[in-house]
Amino acid sequence: MERAISLDHRYPATHRDAFCIPSYGSMGLKSDGANQSDYSTVTYLCGNSLGCMPKSTRNAINKELDAWADRAVESHFRHSGEQQGLTSWMDIDLPLSNLLPSLVGGLESEVAVMGSLTANLNSLMASFYRPTSSKFKILCEKGAFPSDFYALYNQCALHKVDPEEALIRLEVREGESYLRTDDIIRAISDNHEELALVCLPGVQYYSGQWFDMEKITKFAHQFKDVVVGWDLAHAVGNVPLALHDWGVDFACWCSYKYLNSGPGAIAGIFVHEKHSQVGSSDNGRYLPRMAGWWGNNRERRFQMKEVFEPISGALGFRQSNPSVIDVVALKSSLEIIQDFGGINALRERSLLLTNYLVELLTALPNYHQKLPKNTSTAGFTILTPLAEKERGAQLSLLFFPHHDDRKLDTMERVFDYLNERGVIVDERRPDVIRIAPVPLYNTFQDVWRAVTLLNEAIKSIA
Ligand SMILES: Cc1ncc(COP(=O)(O)O)c(C=O)c1O
Ligand SMILES: Nc1ccccc1C(=O)C[C@H](N)C(=O)O
């Protein structure tokens with residue numbers, strides 16, 4: 001505990017106060033009455049699923065509600081808060097183009113705020129997955145987040161390609177917990193003639209593995225007509241990215257995890273400039289897409305002509321006018337990240353926190369480096385790669401023994417023990433708990449407390 005306190009002094013969570021951290025009272029949990037009261041904050045380590053709410057978000061949304069109340073439709077073009085520097089709704093998402101690209105390592109013109117993750121993944125695949133009879137395979141992973149799998153599978157069907165034949169689903173080797181980069185590279189190489197698309201997650205939701213995105217992207221691009229797209233749901237705002245320099249073709253992400261923009265928040269896309277620039281001399285030549293009026297030439301958007309002139313860059317992939325309330329929620333959170341010092345500052349503190357988590361967990365008596373042969377005594381292993389460059393904030397812990405009866409199952413019992421005591425993590429059935437200290441608001445004492453209670457929980461079972 002002393003060490004955690006001293007680390008918190010040395011590396012303080014300078015922006016914790018900018019967030020609403022749930023309390024025992026607000027979550028309906030019983031505080032211990034001695035060290036905690038109903039107003040004490042819980043130990044929230046679940047920013048990999050839903051980031052906490054920035055205090056500034058409420059005000060930002062209220063201003064848009066005022067604009068709606070005060071001026072209704074006119075706010076599209078003339079905002080009632082113009083004098084305070086508020087943007088009219090027509091261009092509400094444009095101020096984000098200063099804040100978002102640096103998080104993904106894209107040019108301003110390569111990033112747009114729109115839609116939601118799965119919808120964007122589907123839209124981007126409509127443009128980037130153009131199978132032919134000889135080149136139609138998609139390299140993806142077995143155990144992908146189900147929504148991604150459903151999208152990939154059905155894109156095949158939409159293109160009249162048999163998904164069973166087209167999807168190459170990479171599997172983690174027997175006895176291992178994450179994919180080897182060499183196996184991915186080999187699969188690309190072995191299939192390159194028929195390969196049309198490589199579509200993988202930047203950080204894997206279940207194992208927490210951060211893929212070697214640069215190596216995989218560059219390797220795949222050695223081969224003709226292989227497109228590389230990344231799902232960055234668990235990577236954006238978590239690890240530094242350089243999508244432009246790596247030559248990534250497209251990427252998409254959601255904003256409710258490490259970008260703290262609220263449940264179902266507006267998402268984002270990256271389209272490399274090599275695909276998204278529409279030169280004036282190119283008249284009519286642009287990458288076919290799922291199109292809509294918000295991707296059309298801004299000046300002529302309201303002329304109601306039957307001519308689609310996409311905006312050059314990622315903005316030309318937008319379809320609808322965005323939810324204004326969603327956009328300002330994202331903006332208020334991105335401003336905090338900027339004030340913190342951007343993604344490199346976040347990553348620096350994230351490594352300190354997660355390294356501390358690794359250190360404490362691996363010192364516990366019931367920690368096992370590998371799944372033991374005899375798993376009758378309660379214990380856990382870590383699925384996530386421990387090397388810094390292969391993970392982000394999250395560690396995934398696999399508990400054993402597993403029982404189908406929830407009351408007897410180790411993971412469920414540990415999860416309930418933690419949850420009842422205000423340590424909020426998440427469970428991925430059947431046997432995994434994910435823990436993610438978030439550098440913007442978590443403390444070393446949060447990490448210490450979670451591990452101390454986790455140890456108690458296992459002991460109470462053993
Ligand atoms: C990797 C991944 N893909 C897809 C989703 C689902 O995204 P959405 O419901 O925002 O489309 C999530 C999280 O919910 C996710 O982590
Ligand atoms: N959007 C949600 C709604 C309800 C429950 C969970 C989610 C998640 O985002 C889960 C997350 N993608 C995950 O990695 O498990």
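Here the structure is a predicted model, which means the values were calculated and not measured. All ligand and atom numbering here is 1-based and tracks the order in the structure. Heavy-atom basis, side chains included; hydrogens, waters and symmetry copies ignored.
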Note, Asn98 side chain near Gln338 side chain (heavy atom, < 4.5 Å): no
The protein heavy atom nearest to atom 12 (C) of ligand 1 is Phe145 CE2, 3.4 Å
Give yes or no for whether the N/O distance cutoff of 3.5 Å, strictly under, is met between Tyr256 and ligand 1. yes
Kindly write out the residues that satisfy ring pair (Phe, Tyr, Trp, His ring centres under 6.0 Å) with Phe317, not counting sequence neighbours, or none if the list is empty. none
Main chain of Tyr129, side chain of His159: is a donor-acceptor contact present, judged purely on distance under 3.5 Å? yes
Parallel, tilted or perpendicular: which one describes the rings of His272 and His244, with boundaries at 30° and 60°? parallel
Is it the case that ligand 2 has an N or O less than 3.5 angstrom from some N or O of Arg434? yes
Among all protein non-hydrogen atoms, which one is nearest to atom 11 (C) of ligand 2, and what is the separation to 0.1 Å? Lys257 NZ, 2.8 Å
Nearest to atom 10 (C) of ligand 2, what protein heavy atom do you find, and at what distance? Arg428 NH2, 3.6 Å
Near His234, which atoms of ligand 1 are under 4.0 Å from a heavy atom of that residue? 16 (O)
To the nearest 0.1 Å, how far is atom 7 (C) of ligand 2 from its closest protein heavy atom, and which atom is that? Ser49 OG, 4.3 Å
Report yes or no: does a heavy atom of Lys257 sit under 4.0 Å from some atom of ligand 1? yes
Of all the non-hydrogen atoms in the protein, which one sits nearest to atom 2 (C) of ligand 2, and at what distance? Tyr256 CE1, 4.8 Å
Whether the side chain of Arg406 engages the backbone of Glu412 through a donor-acceptor N/O pair (distance < 3.5 Å, no angle test) should be reported. no
So, the side chain of Lys370 versus the backbone of Glu176: is there a donor-acceptor pair under 3.5 Å, distance only? no
His234 to ligand 2: N or O pair under 3.5 Å? yes
Between the side chain of Lys55 and the main-chain N/O of Asp17, is any donor-acceptor distance below 3.5 Å? yes
Where is the nearest protein heavy atom to atom 3 (N) of ligand 1: which residue, which atom, and how far? Asp148 OD1, 2.6 Å
For Tyr24 and Thr41, work out which heavy atoms get closest and say how close. CE1-O, 3.6 Å
Look only at interatomic distance and state if Tyr205 has a nitrogen or oxygen under 3.5 Å from any nitrogen or oxygen of ligand 1. no
Which of the ligand 2 atoms, numbered from 1, are nearer than 4.0 Å to a heavy atom of Tyr205: 14 (O)
Let me know which of Asp446, Leu357, Ile435 forms a side-chain contact (heavy atoms from CB on, under 4.5 Å) with Val451. Leu357
Contact atoms of ligand 1, heavy-atom distance to Thr118 under 4.0 Å: 6 (C), 7 (O), 8 (P), 11 (O)
